[in-house]
Number of protein chains: 2
Amino acid sequence: MALPNTYRDDETRYRLQSVERALDTLELLGAAGPDGVTLTELTERLSVSKSTAFALLQTLITRGYVADSGSRLSRRYRLGMALAKLGDAAEEQSPLIGLATPVLRSVTAATGLTTRLVLPEGPYAVVAARVDAPGTVRFASYLGKREYPHCTSAGKALLTALPAERARALAVEAGLPVRTSRTITDPDALLRDLEVSAARGYAIDDEEDSEGVFCVGAAIYDRTGECVAAISGTGLKLNRPTWRLDELGVAIREAADQITTALGGPPFAERAGSRTPGSEQDTERQDG
Amino acid sequence: MALPNTYRDDETRYRLQSVERALDTLELLGAAGPDGVTLTELTERLSVSKSTAFALLQTLITRGYVADSGSRLSRRYRLGMALAKLGDAAEEQSPLIGLATPVLRSVTAATGLTTRLVLPEGPYAVVAARVDAPGTVRFASYLGKREYPHCTSAGKALLTALPAERARALAVEAGLPVRTSRTITDPDALLRDLEVSAARGYAIDDEEDSEGVFCVGAAIYDRTGECVAAISGTGLKLNRPTWRLDELGVAIREAADQITTALGGPPFAERAGSRTPGSEQDTERQDG
DNA sequence: CGTGGTATTCGGCTATACCGAACAATATTC
DNA sequence: GAATATTGTTCGGTATAGCCGAATACCACG
């Protein structure tokens, strides 16, 4: 190496190369679907030598974090059960997730909706926990999925907690791509929608993100009054044509309130009317 | 210098030390509960230097696998959300778990029981997936929990798939400790119970493992006719005094059948009467 | 029976991960 | 309020652990 730089980049100081590669391996396998990945595939995607990839896999396999299937030749590797175990423990250790999951279960049992807990990450909302409704063929709703702020109920719910200016900035940062014919793509229209949602205590996505799919979402606040998360309930219109979005919205709002109060935050009733100032835009009649 | 044994133990060949330590760290944090662990605690439990433990944590933290809470000094570390994400992916990738989870959800929704998928591990049954019933204050039912074969419905269900001698041997190996006043501690009595359970298609644990708690379980078979897992449903007698164990048992049996047939295995009706296959069954190729 | 694709094994080189010790920052004690 | 105890963080030297490249073993086609 020509570079005599004995000191490492500040970003990578105190970070162990082989551990990072092991994590890369796991994440790669996780994104790879049930068919798994082959050793040579891994080799090139990690840009390491075959023997290195092999050693990584050996280590992870003997500990149960990676499972190998397929016989001898053209073996395929996928994530192992030890990870499911750790993931479970991680969920319980996260105060928010541990608190929210039982509530989500109740809502799902009562309403038949698939429920989720999402956290803000930049302008997006990422799924942190979920309780799938029975019979669901499983939405494309894996943990860690990033959802748009402008066309999902959870994303909107997060925005309702912010001053109008900030909400607009975030939505614009994420972009407002068209997802269905009903997607709100105009920032001003979105802000009006948020106004209504905030007053109502829950946000609605009525086939704005995906055809035939609706959801309702509500924000969660901690003791400092900061919005830290949101929950949402999702349903398919096909399954049951006569959902009552207003009733479901209230159910979600109350569930969110339950979590909020558990965190010591202000419930909906206390927040009512005190929508974050920002610009007090005149409300124009919204036509469809 | 005395060059010590350049060749490593066969057990540890091709295994990366730092990766193993990282995994040790995660497992340690996972077992530590929501309060987490402090750096010095970790240092001594891993028997590594403080700086090493620090580097491990840094790596895991920047990748989101460990979260730190508590301010500056006396910081506490717990598992991070990246693990929940991977664990979720691992569940979907496991063919058995991915298959069983939707079924478990249906059973839970229909019956109100907390349902589990368990796998055999030596003489024990370890929990591989679970769907908690709403309102459950959460049993001590974390993923990876080992359950006794003699006093849990899932454990018994696994035993029903084995020849009597083997079932007895396993139960004895695990021991038959007293758990409640109703625990079966006599191997012969257990075998009689298994006989009945096999004929019925499901096993019952009526407060044999824990006071006030019952469960029903049934075995799952793959295409080779081997029992590979079992599912169980658990309920609290306190909550609802009038459970119908027979109905619940049938529900569990049918759910197990559903998974079994999905795997290409023999459902209950076909197994009836043929307890203890014991004899040699031809290996049937699955060409085409 | 070769050919091309895999997974393993080997041995050497050096970058890497380890340690010990000093440093900094916060509590706790007097 | 200074002294002490206990924790997290930084640093440099060192040898070991991890990386690579090449050679080998294995299997499935043609």
Side-chain angles (χ1 to χ4, degrees), chain A residues 1-25 29 32 35-63 66-78, chain B residues 1-25 29 32 35-63 66-78 285 287:
Chain A
M1 299 287 177
L3 240 276
N5 186 10
T6 44
Y7 288 75
R8 306 170 63 177
D9 192 324
D10 249 33
E11 293 300 309
T12 60
R13 258 201 332 183
Y14 306 128
R15 290 173 61 177
L16 308 184
Q17 184 190 54
S18 50
V19 173
E20 296 236 312
R21 284 175 167 174
L23 298 180
D24 287 337
T25 302
L29 291 183
D35 293 332
V37 159
T38 181
L39 174 66
T40 23
E41 231 169 297
L42 186 71
T43 295
E44 46 201 32
R45 301 207 39 193
L46 288 184
S47 334
V48 298
S49 76
K50 228 188 305 186
S51 26
T52 301
F54 181 71
L56 283 167
L57 283 176
Q58 280 304 315
T59 314
L60 293 170
I61 287 173
T62 54
R63 299 282 301 244
V66 167
D68 54 344
S69 54
S71 43
R72 192 113 191 95
L73 192 47
S74 119
R75 194 166 256 159
R76 303 195 77 85
Y77 303 93
R78 50 179 182 74
Chain B
M1 298 300 174
L3 60 132
N5 199 6
T6 44
Y7 287 73
R8 305 167 63 177
D9 192 325
D10 251 33
E11 293 301 311
T12 61
R13 256 201 332 186
Y14 306 127
R15 289 173 62 176
L16 308 186
Q17 184 188 57
S18 51
V19 173
E20 296 236 323
R21 284 178 169 174
L23 298 179
D24 286 338
T25 302
L29 292 183
D35 293 331
V37 161
T38 181
L39 173 66
T40 25
E41 232 170 297
L42 187 69
T43 295
E44 46 202 32
R45 301 205 41 190
L46 287 184
S47 336
V48 298
S49 76
K50 228 188 310 185
S51 28
T52 301
F54 181 71
L56 283 168
L57 282 176
Q58 280 305 314
T59 314
L60 293 170
I61 287 173
T62 53
R63 300 283 300 246
V66 167
D68 54 345
S69 55
S71 45
R72 193 114 192 95
L73 191 48
S74 123
R75 195 165 252 158
R76 303 195 79 84
Y77 303 93
R78 52 180 179 74
R285 316 261 164 169
D287 300 285

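Below, chain A is the first sequence line, B the second, and so on; all start at residue 1. The basis for the numbers below is simple: all heavy atoms, side chains too, and nothing from hydrogens, waters or symmetry mates.
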Practice task
Provide, to the nearest angstrom, the distance between the CD atom belonging to A:Glu20 and the P atom belonging to C:dA17.
Solution key: 9 Å
Problem - Whole angstrom value for the distance that separates C1' of C:dC10 from CD of A:Gln58 - result: 15 Å
Practice task
Go through D:dT10, D:dC19, C:dG20 for me and flag the one nearest to the B:Phe54 side chain.
Solution key: D:dT10
Problem - Nearest to side-chain heavy atoms of A:Gln17, which nucleotide of D:dC19, C:dT8, D:dT10 - result: D:dC19
Fill in the blank from the handout: Closest non-hydrogen atoms of B:Ala53 and B:Thr43, given as atom of the first, atom of the second and distance, are CB-OG1, 3.7 Å
Exercise for the section: To the nearest Å, give me how far apart CG (B:Leu57) and C1' (D:dT10) are. Expected result: 16 Å
Problem - Ion pair B:Arg76/B:Glu41, N-O distance below 4.0 Å - result: yes
Handout entry: Residue-phosphate contact under 4.0 Å: B:Arg21 side-chain N/O, C:dA17 OP1/OP2
Key = no
Handout entry: From D:dT7, C:dC19, C:dT6, nucleotide with atom closest to A:Thr38 side chain
Key = C:dT6
Practice task
Of all the heavy-atom pairs spanning B:Tyr77 and B:Leu29, show the shortest one and how long it is.
Solution key: O-CD2, 3.4 Å
Completion exercise
Between CG of A:Asp24 and P of D:dC19 the distance, given in whole Å, is 12 Å
Problem - Residue mapping more 5' on DNA chain C - nearest nucleotide basis, B:Leu56 or A:Tyr77 - result: A:Tyr77
Handout entry: Integer-rounded Å distance: C:dC23 P and B:Leu39 CG
Key = 20 Å
Exercise for the section: Nearest-nucleotide wise, let me know which of A:Thr40 and B:Thr52 is further upstream toward the 5' end of DNA chain C. Expected result: A:Thr40
Problem - N/O donor-acceptor pair, side chain B:Lys50 with base D:dG8, under 3.5 angstrom - result: yes
Practice task
Give a yes or no on whether a donor-acceptor pair under 3.5 Å exists between the nucleobase atoms of D:dG18, that is its base, and the side chain of A:Ser51.
Solution key: no
Handout entry: Spacing of B:Arg15 atom CZ relative to D:dT16 atom P, expressed in whole Å
Key = 20 Å
Exercise for the section: Provide, to the nearest angstrom, the distance between the CD1 atom belonging to A:Ile61 and the P atom belonging to C:dA7. Expected result: 11 Å
Handout entry: Minimum-distance nucleotide (side-chain atoms of B:Tyr14 versus D:dT10, D:dC20, C:dT9)
Key = C:dT9
Exercise for the section: Could you tell me whether the side chain of B:Arg15 and the main chain of A:Thr59 form a donor-acceptor pair under 3.5 Å? Expected result: no
Handout entry: N or O in side chain of B:Arg75 less than 4.0 angstrom from D:dT9 OP1/OP2
Key = yes
Exercise for the section: Answer yes or no: side-chain N or O of B:Ser18 and base N or O of D:dG18 forming a donor-acceptor pair under 3.5 Å. Expected result: no
Problem - Backbone of A:Val48 reached by a side-chain donor or acceptor of A:Thr52 within 3.5 Å - result: no
Problem - Separation of atom CG in A:Leu46 from atom P in D:dC20, rounded to whole Å - result: 10 Å
